[in-house]
Amino acid sequence: MAVTEPVVANERDVADAELARRLDRTWRQPKGFWGWFSNTHHTAIGLRFMVTAFVFFLLGGILAAMIRMQLIRPENSLMGPDLYNQVFTMHGATMIFLFAVPMMFQGFGVYVVPLMCGARNIAFPRLNAFSYYIYVGGALCLWGGLLTNTGPDVGWFAYVPLSGPQYSPGHRTDIWAQMITFTEVSALGVAVCIATTILRHRAPGMTLNRMPILLWEKLVLSFMVIFAMPSVMVASSLLLLDRLVGTHFFNHSEGGDVLLYQHLFWFFGHPEVYIIFLPGAAIISTLVPAFTRRRILGHTPIVLSVVATGFIGFGVWVHHMFATGLPQLSESFFTAASLMIVIPTAVQFFFWVATMWNGRIWLRLPMLWCFGFFFVFLIGGLSGVMLASVPLDTQVHDTYFIVAHFHYVLIGGALFPMFAGIYFWFPKMVGRMADETLGKWHFWLFFIGFNMTFFTMHFLGLRGMTRRVYTYLPEMHWGPLSALATAGVVFMTAGILVFLVNILRSMRMGKIAGDNPWGDFSLEWATSSPPPSYNFVHIPMVNGRNPLWDGPIDQPLIVGLRDDIRETLVTHSLDTEPQHKDEDPGPSIWPFLTALTVSAAFIGSIFTPWAVPIGAPPVVVTLIGWLWPRGHSPAPLPGRESWQH
């Protein structure tokens, strides 16, 4: 029998292995109970955002099933009007504030963006961890209200005067208003972290014209969040002041303005649609070239379309208010803007199709969900063009036609890309492949059930079935279509159960994925799957828009970052020339403690305004602990005083 000579690793491999050991020791994530609360690494926090948001997606789905069971037949007595209003409100608030944005913007963004930038961690990691804990605090506040029969019952939008002190006594609406503050503070914190990471922590060579489309979309989204979220925070805070302090911002009888609330709310609400949709579009722009084995066509036009969507999205909010009696000349401007914003979205669609046209399509699970997205979101977009017309919008306003439209837009624009992204990055997160057969069952059950439920609602709306009613008379003849819509929920539920079985089974028994199972081009696949605590042994160099397809085999190395402390490289925003080094602050329990004190002050203010001055000192103490300097870093080891490449 022949004896094979052992393979001797070259000097560079030995040096890299030793460097990896030192980096692992320096960047190791804390373990144990308290370690879980002190971990600030972006991969851990990103996964927590995704898992937590998906749990609330399941809870919101249960509420949706309860709504459909109540409406399955006329004069159903499964729920009374009070419980139905709570369930209806909680479903919308959960899906919008606790699932869609935390999953699509915060979860995927926190996990993927630093890897795609070639960075070792996200910028401001403690702020990022704080954002997660404050999000959980808001979610527990909202759901605690429902479980104690004090859940909000004024719709996820909480229009005044219904939500004002005269018509909604008690604290149900106050819980909704403070939940808004919790979740929007969380989104703002993550937006600052993601924008700074993209602008200052990109790998050398990743100039603006080489940035992946996903990074461009996350950058635009971060600025949209920064400009949109304060508007709804102002609206909910003024509403809370009207209810608790006795101000009259929105009380019409005291000189307030009820339409001011709608303007503030929808100035956030319509950009929110694109804050939910653009992350899905970013996933599609990433997956289409990966599964057609072809560089995406129209990189620059797609980026310009994303930027245009970010700008125009702030000029469309009044099309949610066409039925409020605004001047017709004003409505005409917003009709034009509603039609105009279709153009940049259509540009992205056409370039996705053009990329696939002559590509070699590899029809794996992520690409299957991409095709589902094309079909579903296109229907939602077409009905959106119809609703830009004031006369048509006035006729179908507050009917189930609107419910069908925004579910096609939001589920088509968020949920289908979300499942595509989960199946695509699942190997990166856990190192194993999801089961293709179970994944196809998941897709077809969910796709059929979704269209059965929500396409039917178009016809219910055109037959006059109004939204937000808990029952209806047999003479309306809505029963058969409502039963069909409810039957679709059974298919969707079965699909979600198959998905959960697939994920849980694949985490333990799935096929080993390897570092880059899809043969993709972006930097997150340049490291192992799952990534180590330090992400990259060497900060990568980028030579094109598709680094793993364009770069040579032997890339130049960035050296000089210390491995005995958590050092990160800071580059120029435009040309990514290395500028200086920064020290990652490392694990800390203080973001969690700060979130606890802030949550206590927010929740206490639901019951008394004195909770704000009383709760301020503990917040200040925890912030001091958060920001207190921990002494100087150890002296650099010989030969590691500066970076070079």
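Counting from 1, the numbers follow the sequence of the chain as shown.
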Q: So His320 and Phe267, do their side chains get closer than 4.5 Å, heavy atoms only?
A: no
Q: Any side-chain heavy atom of Lys440 within less than 4.5 Å of one from Leu365?
A: yes
Q: Can Ile448 and Met492 be said to form a side chain to side chain contact (heavy atoms under 4.5 Å, CB included), step by step?
A: CA-CA 8 Å; Ile448 293 169; Met492 285 193 284; over 6 Å; no
Q: Taking the side chain as everything from C-beta on, heavy atoms only, tell me whether Phe459 gets closer than 4.5 Å to Tyr400.
A: no
Q: Side-chain contact test, heavy atoms from C-beta onward, threshold under 4.5 Å: evaluate it for Ile496 versus Phe57 and give yes or no.
A: yes
Q: Whether the side chain of Arg202 engages the backbone of Met211 through a donor-acceptor N/O pair (distance < 3.5 Å, no angle test) should be reported.
A: no
Q: Is it true that Trp352 and Phe373 have ring centroids separated by less than 6.0 Å?
A: yes
Q: With sequence neighbours left out, what residues match Phe334 under side-chain contact (heavy atoms from CB on, under 4.5 Å)?
A: Trp317, Val318, Phe322
Q: Under the 3.5 angstrom rule, does the side chain of Arg505 hit a backbone N or O of Val501 as a donor-acceptor pair?
A: no
Q: Determine whether a donor-acceptor pair (N or O, by modelled atom type, separation under 3.5 Å) exists between the side chain of Lys428 and the backbone of Glu524.
A: yes
Q: Any side-chain heavy-atom pair from Val190 and Tyr135 closer than 4.5 angstrom?
A: no
Q: Aromatic contact between Phe419 and Tyr423, with the criterion being ring centroids under 6.0 Å apart: yes or no?
A: no
Q: Does Pro102 reach the side chain of Phe56, with side-chain heavy atoms less than 4.5 Å apart?
A: no
Q: Assess whether side chain to side chain donor-acceptor pair (under 3.5 Å) is satisfied between Tyr274 and Thr345, documenting all intermediate values.
A: CA-CA 10 Å; Tyr274 294 99; Thr345 303; 5.3 Å; no
Q: Under the criterion side-chain contact (heavy atoms from CB on, under 4.5 Å), which of Met465, Met457, Met386 is the partner of Phe401?
A: Met386
Q: Do Ile302 and Ser285 have side chains that approach each other closer than 4.5 Å (heavy atoms only, starting at C-beta)?
A: yes
Q: Do Tyr408 and His458 have ring centres separated by under 6.0 Å?
A: yes
Q: Run the side chain to side chain donor-acceptor pair (under 3.5 Å) test on His538 and Asp16 for me, step by step, so that the C-alpha distance in whole Å, both residues' side-chain angles and the decisive distance to 0.1 Å come before the verdict.
A: CA-CA 9 Å; His538 297 283; Asp16 286 351; 2.8 Å; yes
Q: Main chain of Met356, side chain of Arg294: is a donor-acceptor contact present, judged purely on distance under 3.5 Å?
A: no
Q: Just by distance, do the side chain of Thr292 and the backbone of Gly359 share a donor-acceptor pair under 3.5 Å?
A: no
Q: Can the ring centroids of Phe455 and Phe450 be said to lie less than 6.0 angstrom from one another?
A: no
Q: Parallel under 30°, tilted from 30 to 60°, perpendicular over 60°: which one fits the rings of Phe454 and His407?
A: parallel
Q: Kindly say whether the aromatic ring centers of Trp441 and Phe446 come within a distance under 6.0 Å.
A: no
Q: Please step through side chain to side chain contact (heavy atoms under 4.5 Å, CB included) for the pair Ser305 and Phe351, ending with a clear verdict.
A: CA-CA 11 Å; Ser305 299; Phe351 279 112; over 6 Å; no
Q: Under the 3.5 angstrom rule, does the side chain of Ser528 hit a backbone N or O of Pro530 as a donor-acceptor pair?
A: yes
Q: Between the main-chain N or O of Gly205 and the side-chain N or O of Thr576, is there a donor-acceptor pair closer than 3.5 Å?
A: yes
Q: Hey, could you give me the CD1/CZ distance between Ile422 and Phe499, rounded to the nearest 0.5 Å?
A: 4.0 Å
Q: Does Ala119 offer a backbone N or O that forms a donor-acceptor pair with the side chain of Asn535 under 3.5 Å?
A: yes
Q: For a 4.5 angstrom cut-off between non-hydrogen side-chain atoms, does Phe49 reach Ser186?
A: yes
Q: Would you find a donor on one side and an acceptor on the other, under 3.5 Å apart, between the side chain of Arg200 and the backbone of Thr571?
A: yes
Q: Can you tell which of Arg545, Arg295, Arg210 makes a salt bridge (charged side-chain N to carboxylate O under 4.0 Å, His left out) with Asp550?
A: Arg295
Q: So, do Trp425 and Tyr111 have ring centers that fall under 6.0 Å from each other?
A: no
Q: Only one of Phe447, Phe416, Phe424 clears ring pair (Phe, Tyr, Trp, His ring centres under 6.0 Å) with Trp369; which?
A: Phe416
Q: When you measure from the side chain of Asp435 to the backbone N and O of Leu438, does any donor-acceptor pair fall under 3.5 Å?
A: yes
Q: For the residue pair His201 and Asn121, confirm or rule out a side-chain donor-acceptor distance under 3.5 Å.
A: no
